[in-house]
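Single-structure report; data block below.
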Amino acid sequence: MDNFRQVFGPGKPVIGMVHLGALPGSPLHDGEAGLDGLLAAARADLTALQAAGFDAVMFGNENDRPYEFAVDTASTATMAYVIGQLRGEITVPFGVNVLWDPMSTIALAAATGARFVREIFTGTYASDMGPWTPDAGKAMRYRDRLGRRDLAMLYNVSAEFADSLDRRPLADRARSAVFSSIPDAVLVSGQITGEAAALSDLEAVKKVLPNTPVLANTGVKHATIADVLAVADGCIIGSALKIDGDTWKAIDPHRAQDLMDRARAARGGA
């Protein structure tokens, strides 16, 4: 939690996603647009988020479908290249997420100077990608070996594209993860990217974790931002900011601005 507050301060941060285009080696990669295309699209999204006043941004590889647990080195290297090219233009705290690979995520954070990471670090799941068994202990020790004890670790405790094989209620799993695996914040998600977490799930997790930041991780929309921030300690938003609300399109600056205006109003103008 100390790392979380060092990054975000005392308020309820609203974090905007920069979804990079499909990276080299992934099936949807646009070879004609190449690295220049990836960089231009990421720059446009970053510019829109910062102009709208988002508290932080996070770079992710949502377009690298089918997703992998052990990500190709080229994917992580390309993400580092793009972020490195944009580094001088980033004016807010930024984080990274290499789906669905905690070790690559931490390596990318160390290489780019990211302030926080998001991943699935705990639990056991049946998923679209096969059996899913992350290792928080290995990831946290890797973070420390790379000299990044300051890196805020955001644990998603309700994995997308998956079903937990641990049949304890979500709130019990979240409370246990905080005790056993020392995250800086806990994230609650819907079933897939762009699908909202149930408000009842957010309420249940926050009730058992009053002293740990709990954020909504997926599906926050213009119409729900006020309700979400009334319960959660912040949120991460991607799809709702896009043209037509389509996850795979570019960020619409007007939608981004409208959502942040609503977020400020919900936070009392902050």
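Only this structure's heavy atoms are used, side chains among them; waters, hydrogens and symmetry mates stay out.
- Hydrophobic cluster membership is shared by L39 and L46, with clusters built from Ile, Leu, Val, Met, Phe, Trp and Tyr side chains linked at under 4.5 angstrom.
- Once rounded to the nearest 0.5 Å, the distance linking CG of L202 with CG of N217 reads 10.0 Å.
- Considering only heavy atoms from C-beta on, I15 stays 4.5 Å or farther from I237 through its side chain.
- Side-chain N or O atoms of H222 include one that pairs as donor or acceptor with a backbone N or O of R255 at under 3.5 Å.
- Under a hydrophobic-cluster definition in which Ile, Leu, Val, Met, Phe, Trp and Tyr are linked whenever side-chain heavy atoms come within less than 4.5 Å, directly or via other members, I236 and F4 are assigned to the same cluster.
- Judged by distance alone, the side chain of T78 and the main-chain N or O of A74 form a donor-acceptor pair under 3.5 Å.
- Shown here for P213 and R5, the closest heavy-atom pair between the two residues is CG-NH2, 4.3 Å.
- Checking side-chain atoms of N63 against main-chain N and O of L20 turns up a donor-acceptor pair under 3.5 Å.
- Residues R141 and D144 are not paired through a salt bridge, judged by the lack of any N-O separation under 4.0 Å between the basic side chain and the carboxylate.
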Requested in this report: Would you check, one step at a time, whether the test side-chain contact (heavy atoms from CB on, under 4.5 Å) holds for L170 with V205?
Outcome: CA-CA 7 Å; L170 176 60; V205 172; 3.9 Å; yes
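- Using cut-offs of 30° and 60° on the angle between ring planes, the pair Y67 and F161 is tilted.
- Comment: K249 engages D244 in a salt bridge, judged by a side-chain N to carboxylate O separation of less than 4.0 angstrom.
- Closest approach of L38 and A22 over heavy atoms only: CD2-O, 3.6 Å.
- With rounding to the nearest 0.5 Å, the separation of CZ in R115 from CD1 in I90 is 12.0 Å.
- The aromatic rings of W132 and Y125 sit tilted, their planes meeting at an angle between 30° and 60°.
- With rounding to the nearest 0.5 angstrom, the CD1 atom of I120 is 10.0 Å from the OG atom of S164.
- Put simply, the side chain of V228 reaches to within 4.5 Å of the side chain of V220, judged on heavy atoms.
- No donor-acceptor contact under 3.5 angstrom links the side chains of R65 and S26, judged on distance only.
- Counting non-hydrogen atoms of neighbouring residues, nucleotides and ligands closer than 6.0 angstrom, the CD1 atom of I182 reaches no more than 12 such neighbours.
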Report task. May I have the step-by-step check of side-chain contact (heavy atoms from CB on, under 4.5 Å) for L146 and I106, ending in yes or no? Result -> CA-CA 9 Å; L146 294 180; I106 290 169; 4.1 Å; yes
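- Ring planes of F121 and Y155: tilted class, angle from 30 to 60°.
- Using a 4.0 Å cut-off between a side-chain N of Lys or Arg and a carboxylate O of Asp or Glu, D233 and K206 qualify as a salt bridge.
- Following chains of ILVMFWY side-chain contacts shorter than 4.5 Å, one cannot reach W248 starting from L23, and the two form parts of different hydrophobic clusters.
- Judged by distance alone, with hydrogens and angles left aside, the side-chain atoms of T218 form a donor-acceptor pair with the main-chain N or O of G190 at under 3.5 Å.
- Residues D64 and P27 form no side-chain contact, since every pair of their non-hydrogen atoms from C-beta on lies 4.5 Å or further apart.
- A 4.5 Å side-chain heavy-atom check between L49 and T47 finds every atom pair outside the cut-off.
- A salt bridge is defined here as a Lys NZ or Arg NE, NH1 or NH2 lying under 4.0 Å from an Asp or Glu carboxylate O, and R118 with E62 meets this definition.
- In terms of heavy atoms, A171 sits closest to A204 at CB-O, 3.7 Å.
- Side-chain heavy atoms closer than 4.5 Å link hydrophobic residues (I, L, V, M, F, W, Y) into clusters, and following such links, even through other members, never connects L108 to M17.
- M58 has its side chain out of reach of F94: every pair of non-hydrogen atoms, C-beta onward, lies at least 4.5 Å apart.
- A48 and I251 get closest at one heavy-atom pair: CB-CG2, 3.8 Å.
- Using modelled atom types and a 3.5 Å distance limit, the side chains of Q50 and T91 yield a donor-acceptor pair.
- At most 12 heavy atoms of other shown residues, nucleotides or ligands fall within 6.0 angstrom of atom CZ in R149.
- With hydrogens and angles disregarded, a donor-acceptor distance shorter than 3.5 Å links the side chain of S158 to the backbone of S189.
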Report task. Tell me, with the steps shown, if K138 and M103 meet side-chain contact (heavy atoms from CB on, under 4.5 Å). Result -> CA-CA 8 Å; K138 183 178 180 181; M103 303 299 279; 3.8 Å; yes
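- Residues V178 and V186 are in side-chain contact: their nearest non-hydrogen atoms beyond the backbone lie under 4.5 Å apart.
- With a 4.5 Å cut-off on side-chain heavy atoms, P13 and F54 do not count as touching.
- Aromatic pair F116/F8: centroids less than 6.0 angstrom apart.
- For the 3.5 Å distance criterion, the side chains of Q257 and D261 qualify, holding a donor opposite an acceptor.
- The heavy-atom pair separating S239 from G194 by the smallest distance is OG-CA, 3.6 Å.
- Taken to the nearest 0.5 Å, the CG atom of L229 stands 5.0 Å off from the SG atom of C235.
- Atom CE of residue M153 and atom CE of residue M140 lie 4.5 Å apart, to the nearest 0.5 angstrom.
- S127 places a side-chain N or O within donor-acceptor distance of the main-chain N or O of G130, the cut-off being under 3.5 Å.
- Taking CG of N97 as the start and CZ of F59 as the end, the distance is 12.5 Å to the nearest 0.5 Å.
- Nearest heavy-atom pair across A107 and Y142 is CB-OH, 3.8 Å.
- With salt bridges taken as basic N to acidic carboxylate O contacts below 4.0 Å, one links R148 and D150.
- Linking ILVMFWY side-chain heavy atoms closer than 4.5 Å, directly or via other members, places V117 and V92 in a single hydrophobic cluster.
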Query raised in the report: Could you walk me through whether E68 and D101 pass the side-chain contact (heavy atoms from CB on, under 4.5 Å) check?
Result: CA-CA 7 Å; E68 300 177 293; D101 187 338; over 6 Å; no
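- The closest side-chain donor-acceptor pair between E119 and N156, if any, does not fall under 3.5 angstrom.
- Salt bridge status for D55 with R267: present, with a side-chain N to carboxylate O gap under 4.0 Å.
- Checking side-chain atoms of S75 against main-chain N and O of V71 turns up no donor-acceptor pair under 3.5 Å.
- In this structure, R143 contributes its side chain and L151 its backbone to a donor-acceptor pair below 3.5 Å.
- Using a 4.5 Å heavy-atom threshold, the side chains of E195 and I192 count as touching.
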